[in-house]
Amino acid sequence: MAELKTKRTKASVDKYLLSVEDEGKRKDSQQLLKIFEEVTGEKACLWGDGMIGFGSYHYKSERSTQEGDWPLTAFAPRKQNITIYIMSGFGDNQDLLGKIGKHKISKGSCLYVKKLSDIEIPVLKKLIKKSVAFMRKNYT
């Protein structure tokens, strides 16, 4: 079976965040760290070389032989934007997406924001909470 390349590491999340070059993204990421820990009740863990994940579930692809563990939810400060991973997807979240503010989404589970001041934090918290509840109910 093919394994996922992105895996949980023992690297320091705080050290990683301090290494984010863009000051705005670094500050937003430090704020997101607090938000995600508060909403999920999980401690942050660095996955791969740049994804900050919270909790985990076992993933098994329906389209391939790939499987492994993956965070229940996560975020990553990327060059272009901050990627927020809403693992349950966006199908049942159109109401929240309509209220969250300036963003883009992928077909899968990625919510892209330039900066936190572009979005409504209380709506983001609801989105994270709803997704994590779905993932815990269906995958853990």
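The structure displayed is predicted, hence computed values, not measured ones.
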Checking Q31 side chain against K27 main chain: does a donor-acceptor pair fall under 3.5 Å?
no
Rounded to the nearest 0.5 Å, what separates atom CZ in R78 from atom CD1 in I82?
11.0 Å
Quick one: pull up CG in N138 and OH in Y57 and give me the separation to the nearest 0.5 Å.
11.0 Å
Side-chain contact, heavy-atom cut-off 4.5 Å: S131 with Y85?
no
Are F75 and V39 co-members of a hydrophobic cluster defined by side-chain heavy atoms under 4.5 Å apart?
yes
Above 12 or not: heavy atoms from other molecules or residues under 6.0 Å from CD of Q80?
no
Do the side chains of N81 and V113 get nearer than 4.5 Å, heavy atoms only?
no
Gap separating the CD atom of Q30 from the CG atom of L18, nearest 0.5 angstrom
6.0 Å
Looking at CD of E120 and NE2 of H103, how far apart are the two atoms once the value is rounded to the nearest 0.5 Å?
12.5 Å
For residues F54 and A44, report the shortest heavy-atom separation together with the two atoms involved.
CE2-CB, 3.5 Å
Is there a path of hydrophobic side-chain contacts, each under 4.5 Å between heavy atoms, that joins M87 and L96?
yes
Count the heavy atoms belonging to other residues, nucleotides or ligands that lie under 6.0 Å from CG of D118, then report whether that count exceeds 12.
yes
Heavy-atom distance under 4.5 Å between the side chains of M135 and T73, does that happen here?
no
Measuring from K7:NZ to S56:OG, what's the distance to the nearest 0.5 Å?
13.5 Å
Heavy-atom side-chain contact between F36 and I84 under 4.5 Å
yes
Linked, directly or transitively: Y112 and I52 (ILVMFWY side chains, under 4.5 Å):
no
Do L72 and Y139 have side-chain heavy atoms sitting under 4.5 Å apart?
no
Under 6.0 Å from the NZ atom of K126, do we count more than 12 heavy atoms belonging to anything else shown?
no
Give a yes or no answer on whether the side chain of T6 reaches the backbone of W47 with a donor-acceptor pair at less than 3.5 Å.
no
Mind listing the closest non-hydrogen atom pair of N93 and S88 along with its distance?
ND2-OG, 4.0 Å
Inspect the surroundings of CG in D95 and state if more than 12 heavy atoms from other residues, nucleotides or ligands are less than 6.0 Å away.
yes
In Å, rounded to the nearest 0.5 Å, how long is the span from CD1 of I86 to CD1 of I105?
11.0 Å
Could you check whether any side-chain heavy atom of T83 comes within less than 4.5 Å of a side-chain heavy atom of S106, counting everything from C-beta outward?
no
